[in-house]
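Chain letters run A, B, ... following the sequence lines, proteins first and then strands; every chain starts at 1.
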Amino acid sequence: MNWREFFRKSTKAKRAPRPLPSPTQKTGDVPEGIIEKCPQCGALLYTRELEQHLYVCPKCGHHFPMSAPERFRLTFDGGRFFEYDADLVSDDPLEFPGYREKLEQAMQKTGLTEAVMTGEGTIKGHPVVMAAMDGRFIMGSMGSVVGEKIARAIENARIKRYPLIIFAASGGARMQEGMLSLMQMAKTSAAVERFHRTGGLFISVLTHPTTGGVSASFAMLGDYLFAEPGALIGFAGRRIIEQTIRQELPPDFQTAEFLLRHGQLDRVVPRKEMRDVLGKVLAVHAGRGRSGGKAASV
Amino acid sequence: MEKRLPFEEPLYELEEKIAALKRFMAEQNLDLGEEVERLEARLAHLKVETYRNLTPWQKVQIARHPNRPTTLEIAQGMLTDFLELHGDRLFADDPAIVGGIGLLDGIPVTLIGHQKGRDTKENLARNFGMPHPEGYRKALRLMEQAEKFGRPIITLLNTPGAYPGKTAEERGQSEAIARNLRVMSALSVPIVVVVVGEGASGGALGIGVGDRILMLEYAWYSVISPEGAAALLWKDAKEAERAAQTMKITAQDLLELGIIDAVIPEPLGGAHRDKPEAIRRIKAAVKAALLELMPLSPKTLVDDRYEKYRRIGRFASLFDETPSTGGA
């Protein structure tokens, strides 16, 4: 079955996303879909309740991973947006064993066509171009489609002179597309550079997890770098580092708070404040005459 | 003692046999010239056969050979007046990335590359060619200096990866690499990149964005090392041989995929068998690329570079029937 057939068949999709099981959560001990267990404090939470709290545990503040459609719905004013490039789907350029099946499963599970959603809408009245990655889709990894959609989103922001906001969530470059994936790091970073040169505003929000080839490219290149509390952010995986240096790492190693302390981030922003913080930055920039950048001075 | 690669054993055996025969001839004052000639012809034939049909995994082994020319050897071999420069002006000097200035047949250039050691002691000092953030930041400093003075940049890639360590993370390994990708994409001077040995993932790409990407015949370049891929795919690092095949990491594969622009042929048996010749070939290829790029205006250079990377990618649209490559 080719992609088009697959997509038509399998997903008159359940686009309504379910709350995500956290990566550390043992599934199976609570009934799925009705109650979620907080992996941090163990509280049993009604899914509906969790949803109302933006997927943040009301007891301890643990941030559950959020799907890309939910991120779009809950970040844009009124949950309204126009989506870009939802037609782009991965090819299998290396004829990599099991890759097509993996893609099909990811599509089926998420109702998405790839690991990133891009589009435009408004936040606190300011028009913006936004991208949100989805960690459920092959770990949010970046292959050709993710790179292309990000690059196109950046180009749209440049042409329209809109600010750009990217919510990153990714395990890194997608191994199954080999060097084509690695080169998406260069492609997206080049697009960011062009955008910066025209004075464009780029706010990068790092969410759990942002690692490898995504943290080492566009995700670290924002004018403002924000992260959600507790998000894992880093270049190399913890296990590899432990094997390499043969010593134990601090418990908060590679968390958002760790990066903040080491001067790698502007702020850690709790999810319930995210829209307000984004709104503030957008307002300050709009204060220069336009929601973009330097060409505002006439 | 020279490192012997397993698939080269028959060659070494034959070489030893010839040497023994020659010794015997000298000692006994016998003339066995015909026999020696016959064996030497067989050796020559066997060499060609062996190296013409290398598997990706065998190439990986050649790329990792300890006698493979290092960045400093190449710099000294192909430049005159090469002067190494140190430090990122922020934290430290990273010995895993080296850089400096010099003249390539009279053309002023900045040359930067990963530096591996040639023995264990040197490798420990060089951290096996695995850079920390300060290495990428030193490279960035030298590249921005090159841009200021209008000098073309040559970068040589040869690393098993950016260093996965605690301090590297604390100092922003991701940011250092990301910034280089961003800045290199828009430097207004020509950048020629040569993958000379191992090109492992972001650690290699961190000094690898350029106008021309050249690759030595037996070098490899991949999003993840064959061992890493094997561990993830088949939960067994010993499957690296299979992964090397699957991942399409050889110069020939990457030329076909459109990731690199040209393959630089190596001397028979690999660059370590004849370093001066290997360096001559690298120099010729780099110079040819520079002569193509140097007449271009800064704007054309940067625009072309943007398009080069913008086009990379393979995907399909649900709206049309044929898979397409990238492009706005």
Discussion item. Taking every non-hydrogen pair under 4.5 Å, which of A:Gly213, A:Gly147, A:Ala191 racks up the most with chain B?
Written reply: A:Ala191

Discussion item. Looking at chain A, which one of B:Gly165, B:Pro164, B:Ala162 has the largest number of heavy-atom pairs inside 4.5 Å, strictly under?
Written reply: B:Pro164

Item to complete: Among the options B:Ser222, B:Gly161, B:Gly199, B:Gly258, pick out the one with the most heavy-atom pairs lying under 4.5 Å from chain A.
Response: B:Ser222

Practice prompt. Determine whether more than 12 heavy atoms belonging to other residues, nucleotides or ligands lie under 6.0 Å from atom CD of B:Glu144.
Written response: yes

Discussion item. Let's test your reading of the structure: which of A:Ser144, A:Pro250, A:Gly263 forms the most heavy-atom pairs below 4.5 Å with chain B?
Written reply: A:Ser144

Fill in: Salt-bridge criterion met for B:Lys166 and A:Glu248 (N-O under 4.0 Å)
no

Worksheet item: So which of A:Ser181, A:Ala186, A:Gly143 has the biggest tally of heavy-atom pairs under 4.5 Å with chain B?
Response: A:Ala186

Worksheet item: Taking C-beta and beyond as the side chain, do A:Leu201 and A:Tyr162 meet within less than 4.5 Å on heavy atoms?
Response: no

Worksheet, complete the sentence: Counting heavy-atom pairs under 4.5 Å with chain B, the top scorer among A:Ala173, A:Gly98, A:Ala151 is A:Ala151

Item to complete: May I ask you to decide if the ring planes of B:His114 and B:Tyr136 are parallel, tilted or perpendicular, using 30° and 60° as cut-offs?
Response: perpendicular

Discussion item. Do B:Gln173 and A:Gln264 make a side-chain contact, defined as non-hydrogen atoms from C-beta onward lying under 4.5 Å apart?
Written reply: no

Discussion item. Heavy-atom pairs under 4.5 Å with chain A - which of B:Leu232, B:Val209, B:Val183, B:Leu233 has more of them than the others?
Written reply: B:Leu233

Worksheet item: Does the side chain of B:Ser317 come within less than 4.5 Å of A:Val89's, by heavy atoms?
Response: no

Worksheet item: So, A:Glu120 and A:Lys160, do they make that salt bridge, N to O below 4.0 Å?
Response: yes

Item to complete: Select, from A:His262, A:Gln243, A:Arg174, the one with the greatest count of heavy-atom pairs under 4.5 Å involving chain B.
Response: A:His262

Discussion item. Quick check on the interface: out of B:Ala229, B:Ala186, B:Ala204, who has the most heavy-atom pairs with chain A under 4.5 Å?
Written reply: B:Ala186

Discussion item. If the threshold is 4.0 Å, N to carboxylate O, is there a salt bridge linking B:Asp94 and B:Lys138?
Written reply: no

Worksheet item: Side chain, backbone, both or neither: which part of A:Leu94 has a non-hydrogen atom closer than 4.5 Å to chain B?
Response: both

Worksheet, complete the sentence: Cut-off 4.5 Å, heavy atoms of chain B, and the answer for A:Phe258 is side chain

Worksheet item: Is there a side-chain contact between B:Ile259 and A:Met183 (heavy atoms, below 4.5 Å)?
Response: yes

Worksheet, complete the sentence: Cut-off 4.5 Å, heavy atoms of chain B, and the answer for A:Ala219 is neither

Fill in: Residue B:Arg171 versus chain A: region with a heavy atom under 4.5 Å
backbone

Item to complete: Could you tell me which of A:Glu95, A:Met220, A:Met179 has the largest number of non-hydrogen atom pairs under 4.5 Å with chain B?
Response: A:Met179

Worksheet item: Side chain, backbone, both or neither: which part of B:Tyr221 has a heavy atom under 4.5 Å from chain A?
Response: both

Worksheet item: Does A:Arg194 count as lying over the ring of B:Tyr306, i.e. NZ or CZ under 6.0 Å from the six-ring centre, within 45 degrees of the axis?
Response: yes

